[in-house]
Number of protein chains: 2
Amino acid sequence: MSDNTQPRTRVRLRDVADLVGVTAAAASMALADSPRISDKTKRAVRAAATQLGYVPSSAGRALRSQRAGAIALIVPNTTQHVFGHSYFMHVLTGVSSVANERDTQVLVSTNPDEAHGLAAYERVMRSKSADGAIVTSAAVTDLNVERLSQSGLPVVLIGNFPYLSTSVSVGIDDVGASRSITEHLIEVHGRTRLLHVTGPMDHQTAIDRREGFLAAVAAHDLADASRVVEGDFSEEAGRDAVLGLGRDLTGFDGIVFANDDMAFGGLRALKSLGVSVPQDISIVGFDDFGLSRLTTPGITTVRVPAERMARVATERLFDLIEGSKPGPSHQELAVTLVLRESCGCESKADDA
Amino acid sequence: MSDNTQPRTRVRLRDVADLVGVTAAAASMALADSPRISDKTKRAVRAAATQLGYVPSSAGRALRSQRAGAIALIVPNTTQHVFGHSYFMHVLTGVSSVANERDTQVLVSTNPDEAHGLAAYERVMRSKSADGAIVTSAAVTDLNVERLSQSGLPVVLIGNFPYLSTSVSVGIDDVGASRSITEHLIEVHGRTRLLHVTGPMDHQTAIDRREGFLAAVAAHDLADASRVVEGDFSEEAGRDAVLGLGRDLTGFDGIVFANDDMAFGGLRALKSLGVSVPQDISIVGFDDFGLSRLTTPGITTVRVPAERMARVATERLFDLIEGSKPGPSHQELAVTLVLRESCGCESKADDA
DNA sequence: TGCACTTGCTTTATCGTTAAAGCACATTAC
DNA sequence: GTAATGTGCTTTAACGATAAAGCAAGTGCA
């Protein structure tokens with residue numbers, strides 16, 4: 001019943017070599033396609049390896065080569081809450097697919113508990129469990145991230161980190177994108193009295209998106225009729241921002257939410273108040289990680305290419321690990337404006 | 001400017017030992033608190049280790065101990081649906097926190113494509129990169145999962161796998177839960193003409209939830225007035241199921257969706273048709289991974305304790321790795337019925 | 001005083017892999 | 001015909017950590 005090509009015990013290179021009748025070193029060279037090994041032996045070794053189901057021991061290889069064959073994806077726990085699950089999944093997908101192309105494992109370090117006086121992810125790096133790290137931090141300042149990125153170990157950050165300007169990072173132009181989507185409301189839909197609901201202001205994205213909003217209203221001389229309310233990226237914050245306005249709500253004809261979750265919360269609140277979107281008020285979000293596509297009306301938003309950011313970041317990380325290409329320290333990817341119904345643009349007859 | 005306790009190069013146990021003036025072996029025994037080492041030396045070694053920032057090399061340790069110090073979280077069928085992301089994140093959180101308690105790394109293997117003739121996650125195990133694996137597969141039969149779970153390596157599955165009865169797994173009672181929520185509609189809300197929208201029928205959860213629905217309607221003699229429609233767990237499927245009924249829709253007064261995403265899609269479709277929920281039709285979902293809380297009305301659903309399932313599964317995995325406690329091969333966790341408005345139960349004045 | 005036992009280290013060996021050096025034997029060069 | 005050059009392997013050593021065995025020096029006991 002049992003497949004006899006299935007190894008009962010772990011197969012070492014030694015076992016493959018024994019089967020062929022050479023030493024382990026010769027087998028190693030054979031599998032590495034060394035010119036010093038005859039074709040005949042190479043074929044024999046490869047056949048034996050396949051037959052026995054040989055897979056190199058990662059520990060042996062790591063020890064010998066001083067390479068773990070793994071990269072770490074580091075998620076400070078604050079990030080989990082602030083960015084949604086979808087963002088993280090996109091990042092994971094991107095990192096995984098590039099890592100896979102390089103036969104590299106992905107190690108996810110998500111718990112920053114100070115287990116032994118060192119943050120978990122610092123231990124990961126110091127123990128050489130990973131050759132480098134992708135860090136998805138949201139906070140403006142995170143001491144651990146700072147230490148890590150300045151430790152000399154290969155680290156690539158996803159996001160914008162003006163305070164860590166020497167670090168290698170991949171992000172988007174939050175300021176420009178936020179300005180663009182705000183100007184869409186102003187120029188295309190003629191909205192003039194705008195509200196902005198920010199993310200938590202200790203997050204760089206929140207700071208930047210607010211700056212883009214302010215630049216847009218200032219450029220169109222609408223600063224007097226506009227207002228900024230602080231939120232925290234949660235749908236409750238979006239709801240509360242709208243409900244908290246009370247009768248002031250009628251003073252606005254457009255709301256720029258700093259992310260889609262808040263836009264969703266705000267949309268529900270507006271509906272519950274009998275305000276119709278986009279007729280009475282236009283709203284827009286930011287991110288396009290899934291939710292904004294599903295609401296009624298669909299939320300006009302900025303698509304953040306999370307998976308591509310992760311792919312680019314991972315490729316940069318491999319460059320760093322291999323010691324090649326210094327390249328620019330910060331890279332910015334283009335974003336797309338996704339026009340749906342919540343701003344006043346027509347539906348593309350998506351529904352039946 | 002630079003902190004002089006920061007090691008410039010990698011610190012080996014050898015370096016710690018040299019500083020104290022003993023051999024690496026003695027230092028190793030000192031850190032392991034061996035009774036054969038004097039207290040004085042132990043203190044000196046520990047102090048030196050701290051001073052130099054010594055962290056044991058995972059490769060060296062893995063090779064010597066034949067333990068990788070890592071477990072793999074394997075996700076064969078990468079979730080495409082947006083809210084499948086939440087499920088995965090809950091699982092990741094649960095696995096991570098237990099692994100963290102044991103000073104174990106978590107390796108995420110999500111790519112099912114066969115790089116060298118072996119699925120990526122089979123290589124992970126065979127290369128001894130991980131000491132065991134948690135597998136979250138939804139499919140009824142997955143050849144790779146089957147091979148993996150029968151390879152003799154420590155593997156714990158999350159979900160129900162009747163076809164892999166010898167495997168260790170942790171799941172919930174989908175049949176019972178589905179029956180309960182269906183009976184809630186029947187007994188509490190007097191619904192008698194029920195529709196069930198299933199998941200993809202090659203998923204065990206879909207099969208089980210349908211079975212629970214059928215058991216409930218049969219027990220109440222409502223089989224004649226009930227119908228089952230096949231879906232695929234996506235919100236589009238929920239929408240299409242509702243729209244596809246055409247004028248038959250009026251024949252139903254309750255819909256049991258096999259998950260929340262479809263319930264959400266169905267809810268939107270019903271609204272667009274001018275059908276009010278729960279007045280005209282009661283609906284319920286399944287999962288409670290976040291979405292069902294956010295809709296209006298909130299969707300009554302079954303809370304699947306994904307994070308706890310993952311925690312339990314990971315603890316079982318460590319038992320297997322350590323060779324202790326055979327325990328039951330399949331474990332089932334309790335679920336909770338979460339009553340919201342979509343079934344007709346009162347809102348708990350959650351909103352302002 | 002002599003022998004066993006304890007204490008506290010050091011030496012040795014091993015995990016699996018692979019670069020580098022070593023070493024027969026065959027081939028070519030002049 | 002002897003030296004240089006190839007060819008195709010084997011031997012050696014090292015990566016870092018740590019059990020196990022070894023071995024001095026000190027202690028206890030008769």
Side-chain angles (χ1 to χ4, degrees), chain A residues 7 9-46 48-49 52-70 103 123-131, chain B residues 7 9-46 48-49 52-70 103 123-131:
Chain A
T9 70
R10 203 174 53 265
V11 179
R12 296 155 306 160
L13 185 51
R14 173 75 201 281
D15 302 320
V16 173
D18 284 353
L19 186 62
V20 176
V22 294
T23 62
S28 174
M29 294 166 84
L31 292 177
D33 203 24
S34 157
R36 303 295 301 273
I37 298 291
S38 69
D39 285 351
K40 188 179 146 218
T41 302
K42 283 182 190 172
R43 275 193 301 272
V45 170
R46 281 195 277 256
L52 297 178
Y54 170 70
V55 176
S57 148
S58 59
R61 204 173 242 188
L63 190 55
R64 173 67 228 227
S65 66
Q66 301 294 84
R67 282 288 198 83
D103 273 318
R123 305 197 94 240
V124 172
M125 300 305 293
R126 298 279 280 276
S127 70
K128 303 245 89 194
S129 295
D131 300 318
Chain B
T9 70
R10 201 175 55 266
V11 179
R12 298 154 305 159
L13 185 51
R14 174 73 201 283
D15 302 320
V16 174
D18 284 353
L19 186 62
V20 175
V22 294
T23 61
S28 172
M29 294 166 85
L31 291 177
D33 203 24
S34 157
R36 304 295 303 272
I37 299 291
S38 70
D39 284 353
K40 188 179 146 217
T41 303
K42 282 182 190 172
R43 276 192 300 273
V45 170
R46 281 195 276 256
L52 297 178
Y54 169 68
V55 176
S57 148
S58 58
R61 212 174 233 190
L63 190 55
R64 174 66 227 225
S65 67
Q66 301 294 84
R67 281 287 198 84
D103 273 321
R123 305 198 93 240
V124 172
M125 301 305 293
R126 298 279 280 275
S127 70
K128 302 247 86 193
S129 295
D131 300 318

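None of these values were measured; they are calculated from a predicted model. Below, read A as the first sequence line, B as the second, and so on, with proteins coming before strands; counting in each chain starts at 1.
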Would you find a donor on one side and an acceptor on the other, under 3.5 Å apart, between the side chain of [X] and the backbone of [Y]?
| X | Y | result |
| --- | --- | --- |
| A:S58 | B:S127 | yes |
| A:K42 | A:S34 | yes |
| B:R61 | B:P56 | no |

Exercise. Salt bridge (charged side-chain N to carboxylate O under 4.0 Å, His left out) with A:R67: which residues, sequence neighbours excluded?
Worked result: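 Partners of A:R67 by the salt bridge (charged side-chain N to carboxylate O under 4.0 Å, His left out) criterion come out as none, since no residue qualifies.
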
Using the 3.5 Å cut-off, write out each protein N or O paired with an N or O of nucleotides 21-26 of chain D and the distance between them.
none

So what does [X] hit on the nucleic acid, given a heavy-atom distance under 4.0 Å: a base, only sugar-phosphate, or nothing?
| X | answer |
| --- | --- |
| B:A26 | base |
| A:P56 | sugar-phosphate |
| B:A24 | base |
| B:S57 | sugar-phosphate |

Exercise. Would you say a side-chain N or O of A:R12 is under 4.0 Å from OP1 or OP2 of C:dG16?
Worked result: yes

Exercise. D:dC9 phosphate, OP1 or OP2: any side-chain N/O from A:S38 under 4.0 angstrom?
Worked result: yes

Separation of [N] [atom2] from [X] [atom1] (nearest whole Å):
| X | N | atom1 | atom2 | answer |
| --- | --- | --- | --- | --- |
| B:Q66 | C:dT14 | CD | P | 14 Å |
| A:L31 | C:dT17 | CG | P | 10 Å |
| A:D33 | D:dG8 | CG | P | 13 Å |
| A:R64 | D:dT12 | CZ | P | 16 Å |
| A:R67 | C:dA19 | CZ | C1' | 15 Å |
| B:R10 | D:dA17 | CZ | C1' | 13 Å |
| B:L52 | D:dG16 | CG | P | 15 Å |
| B:D15 | D:dA17 | CG | C1' | 13 Å |

Exercise. Who are the side chain to side chain donor-acceptor pair (under 3.5 Å) partners of B:D39, not counting sequence neighbours?
Worked result: none

Exercise. What residues form a side chain to side chain donor-acceptor pair (under 3.5 Å) with A:S57, not counting sequence neighbours?
Worked result: none

Problem set entry | Nearest heavy-atom neighbours spanning B:D15 and B:R10 |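 Looking at all heavy atoms of both residues, the shortest contact is OD2-O, 3.8 Å.
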
For this session: Might you point out which heavy atoms bring B:L63 and A:L63 nearest each other, and give the distance in Å?
Result: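 Shortest heavy-atom separation between B:L63 and A:L63 comes out as CD2-CD2, 3.2 Å.
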
Problem set entry | Residue whose closest nucleotide on DNA chain D lies nearer the 5' end, B:S65 versus A:A25 | A:A25

For this session: Using five base pairs at each end, measure the axis-to-axis angle across the helix from C:dT1-D:dA30 to C:dC30-D:dG1 and round it to 10 degrees.
Result: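 Roughly 60° between the end axes, to the nearest 10°.
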
Exercise. Nearest nucleotide by nearest heavy atom, which residue falls closer to the 5' end of DNA chain C, B:L63 or B:I37?
Worked result: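 Closer to the 5' end of DNA chain C: B:I37.
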
Report all side-chain donor-acceptor pairs from residues 19-32 of chain A shorter than 3.5 Å, counting only partners two or more places apart or in another chain.
residue	atom	partner	partner atom	Å
A:T23	OG1	A:A26	N	3.3

Exercise. Could you state the interatomic distance from CZ (A:R12) to CG (A:D18), rounded to the nearest 0.5 Å?
Worked result: 7.5 Å

